[in-house]
Amino acid sequence: GMRCLIADAPDHGDRFRGDADLRKREFWRICTAYVAEASSIRDAYRHLISDPDRMGVAGTSMGGFAALAGTVRYDWVAATASFMGSAYFHRTARTLFPPAGDYGIETALAHEAAMVEIPDPAARLERLVDRPLYLWHGKRDDVVHFSNALELQSDLVRVSGAGRMTVRIDPEGSHRVTDAGAREGVGFLARHLVRDLST
């Protein structure tokens, strides 16, 4: 019951330029560029969307990061499903795709300075508290630690109670969404986005 727009992120899918190492080094720039593009994608397909001011976003891994950032950035995001993502960009960047080579003091300082230019969803948690939010994470994820989902839940509960949030930690899950997790996430979006036909 939902129409989906599934766009390749910069340097992913058909947009991949062939340099996997460069893509890793550019992870954070690509992620934030993807979020910025969401508005243009929405505008380009606006005529096909029944309610362009009430859309959901979902993503896996980097897409999960982008989904949370997009929710913070755009008022038109009405529900979000983030699989294996994190709202803590600046902290996560210290371990997820840091600069290649010797990560010494100078490299670390330069990296931290560059990350200041990248919007961190964790700095604007008040933008997440009033939206339906589904978080899925595998407890055995060795890329993005599942504690990111629990910390976001805890922070949002502290801010406002976070009554519209569902968090699933799969004890057997890795950095790959299970079929059950994907189905539950889609069901979550459907409940919050598909209007009650009886009204």
Side-chain angles (χ1 to χ4, degrees), residues 1-9 12-13 31 34-87 121-122 124-141 143-144 146 148-157 159-199:
M2 293 183 289
R3 172 170 278 156
C4 299
L5 302 175
I6 306 174
D8 287 331
H12 285 71
C31 182
Y34 197 29
V35 174
E37 286 183 353
S39 183
S40 298
I41 294 168
R42 170 178 169 265
D43 290 344
Y45 291 93
R46 193 180 185 94
H47 62 288
L48 299 175
I49 303 168
S50 58
D51 189 351
D53 295 321
R54 190 171 177 274
M55 295 175 62
V57 293
T60 300
S61 192
M62 184 185 75
F65 285 73
L68 292 169
T71 305
V72 166
R73 181 167 179 170
Y74 300 115
D75 289 336
W76 47 262
V77 176
T80 303
S82 173
F83 301 88
M84 308 173 307
S86 172
R124 300 187 66 196
L125 292 179
E126 74 283 356
R127 296 281 294 160
L128 294 174
V129 296
D130 61 345
R131 320 273 186 102
L133 181 61
Y134 176 86
L135 304 177
W136 184 95
H137 225 118
K139 199 167 186 177
R140 297 182 177 183
D141 192 331
V143 179
V144 182
F146 75 93
N148 281 278
L150 296 178
E151 183 174 1
L152 181 56
Q153 179 184 35
S154 177
D155 284 347
L156 292 179
V157 166
V159 170
S160 76
R164 303 174 78 187
M165 176 188 301
T166 297
V167 179
R168 292 286 181 258
I169 306 298
D170 186 328
E172 302 301 319
S174 61
H175 195 67
R176 184 181 177 92
V177 183
T178 63
D179 183 64
R183 288 178 182 276
E184 185 177 44
V186 169
F188 179 90
L189 291 175
R191 285 194 303 277
H192 291 283
L193 293 174
V194 178
R195 296 193 183 281
D196 186 346
L197 298 179
S198 66
T199 60

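Everything quoted here is computed from the prediction, not taken from an experiment. Each residue takes its place number in the sequence, starting with 1.
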J.: If you compare all heavy atoms of Cys31 against all heavy atoms of Ala66, which two are closest, and at what distance to 0.1 Å?
T.: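 The pair with the smallest heavy-atom distance is SG-N, 4.0 Å.
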J.: Could you please spell out the steps behind the side-chain contact (heavy atoms from CB on, under 4.5 Å) verdict for Leu152 and Leu125?
T.: CA-CA 9 Å; Leu152 181 56; Leu125 292 179; 3.7 Å; yes
J.: To the closest 0.5 Å, what do you measure between CH2 (Trp76) and CE (Met55)?
T.: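 Rounded to the nearest 0.5 Å, the CH2-CE separation comes out at 5.0 Å.
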J.: Give me the atom names and distance for the closest heavy-atom approach of Ala81 to Gly185.
T.: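 In this case the closest contact between Ala81 and Gly185 is CB-O, 4.4 Å.
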J.: Roughly how far, to the nearest 0.5 Å, is the CE atom of Met84 from the CZ atom of Phe65?
T.: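 Those atoms lie 9.5 Å apart.
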J.: For Asn148 versus Ser86, what's the shortest heavy-atom pair and its separation?
T.: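 So the minimum-distance heavy-atom pair works out to OD1-OG, 2.7 Å.
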J.: Would Leu128 and Val159 satisfy side-chain contact (heavy atoms from CB on, under 4.5 Å), going step by step from the backbone distance to the final call?
T.: CA-CA 10 Å; Leu128 294 174; Val159 170; over 6 Å; no
J.: Give the minimum heavy-atom separation between Gly85 and Val144, together with the two atoms involved.
T.: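 Shortest heavy-atom separation between Gly85 and Val144 comes out as O-CG1, 3.9 Å.
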J.: Check side-chain hydrogen bond (donor to acceptor under 3.5 Å, both in side chains) between Arg124 and all other residues, then give those that pass, not counting sequence neighbours.
T.: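 In terms of side-chain hydrogen bond (donor to acceptor under 3.5 Å, both in side chains), with neighbours along the sequence ignored, Arg124 is linked to no residue.
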J.: Report, one line per pair, each donor and acceptor closer than 3.5 Å where one atom sits in a side chain of residues 42-49; sequence neighbours left out.
T.:
{"from": "Arg42", "atom 1": "NE", "to": "Pro52", "atom 2": "O", "distance (Å)": "2.7"}
{"from": "Arg42", "atom 1": "NH2", "to": "Pro52", "atom 2": "O", "distance (Å)": "3.1"}
{"from": "Arg42", "atom 1": "NH2", "to": "Asp53", "atom 2": "OD1", "distance (Å)": "2.8"}

J.: Quick check: do Arg127 and Thr71 have side-chain heavy atoms less than 4.5 Å from each other?
T.: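 A side-chain contact is absent here, since even the closest heavy-atom pair is not under 4.5 Å.
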J.: How long is the span from the OG atom in Ser61 to the CZ atom in Phe83, to the nearest 0.5 Å?
T.: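 CZ of Phe83 is found 12.5 Å from OG of Ser61.
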J.: Please report the C-alpha distance between Val177 and Asp170 in whole Å, then the side-chain angles of each, then the deciding distance to 0.1 Å, and finally whether the side-chain contact (heavy atoms from CB on, under 4.5 Å) criterion is met.
T.: CA-CA 9 Å; Val177 183; Asp170 186 328; over 6 Å; no
J.: Is the backbone N or O of Asp130 less than 3.5 Å from a side-chain atom of Arg164, with the two atoms forming a donor-acceptor pair by type?
T.: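 Yes: the side chain of Arg164 pairs with the backbone of Asp130.
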J.: Quick one: does any side-chain atom of Arg73 pair with a main-chain N or O of Val35 as donor and acceptor, under 3.5 Å?
T.: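 No: the side chain of Arg73 does not pair with the backbone of Val35.
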J.: To the nearest 0.5 Å, what is the distance between CD1 on Ile169 and CG on Leu135?
T.: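 The CD1 atom of Ile169 sits 8.0 Å away from the CG atom of Leu135.
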J.: Indicate yes or no for a side-chain donor-acceptor contact from Tyr34 to the backbone of Ala7 under 3.5 Å, with no hydrogens or angles considered.
T.: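 The answer is yes, because a donor-acceptor pair under 3.5 Å joins these two groups.
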J.: Hey, what's the ring geometry for His192 with Phe188, parallel, tilted or perpendicular (30° and 60° as the breaks)?
T.: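 Judged by the thresholds at 30° and 60°, the geometry between His192 and Phe188 is tilted.
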J.: Do Arg54 side-chain atoms and Leu193 backbone N/O form a donor-acceptor pair below 3.5 Å?
T.: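 Indeed, once roles are kept as given, a pair shorter than 3.5 Å links the two residues.
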J.: Hey, what do you get for CD (Glu184) to OG1 (Thr178), rounding to the nearest 0.5 Å?
T.: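 The OG1 atom of Thr178 is 9.0 Å from CD of Glu184, to the nearest 0.5 Å.
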J.: For a 4.5 angstrom cut-off between non-hydrogen side-chain atoms, does His175 reach Thr60?
T.: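 No - every pair of side-chain heavy atoms lies 4.5 Å or more apart.
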J.: Starting at CD of Glu172, measure out to NZ of Lys139 and round the result to the nearest 0.5 Å.
T.: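 One finds 9.5 Å between CD of Glu172 and NZ of Lys139.
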J.: Taking all non-hydrogen atoms of both residues into account, name the closest pair between Ala69 and Pro121 and its distance.
T.: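 For Ala69 versus Pro121, the nearest heavy atoms are CA-CG, 3.7 Å.
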J.: What is the minimum heavy-atom distance between Gly59 and Ala67, and which atoms define it?
T.: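 Looking at all heavy atoms of both residues, the shortest contact is N-CB, 4.1 Å.
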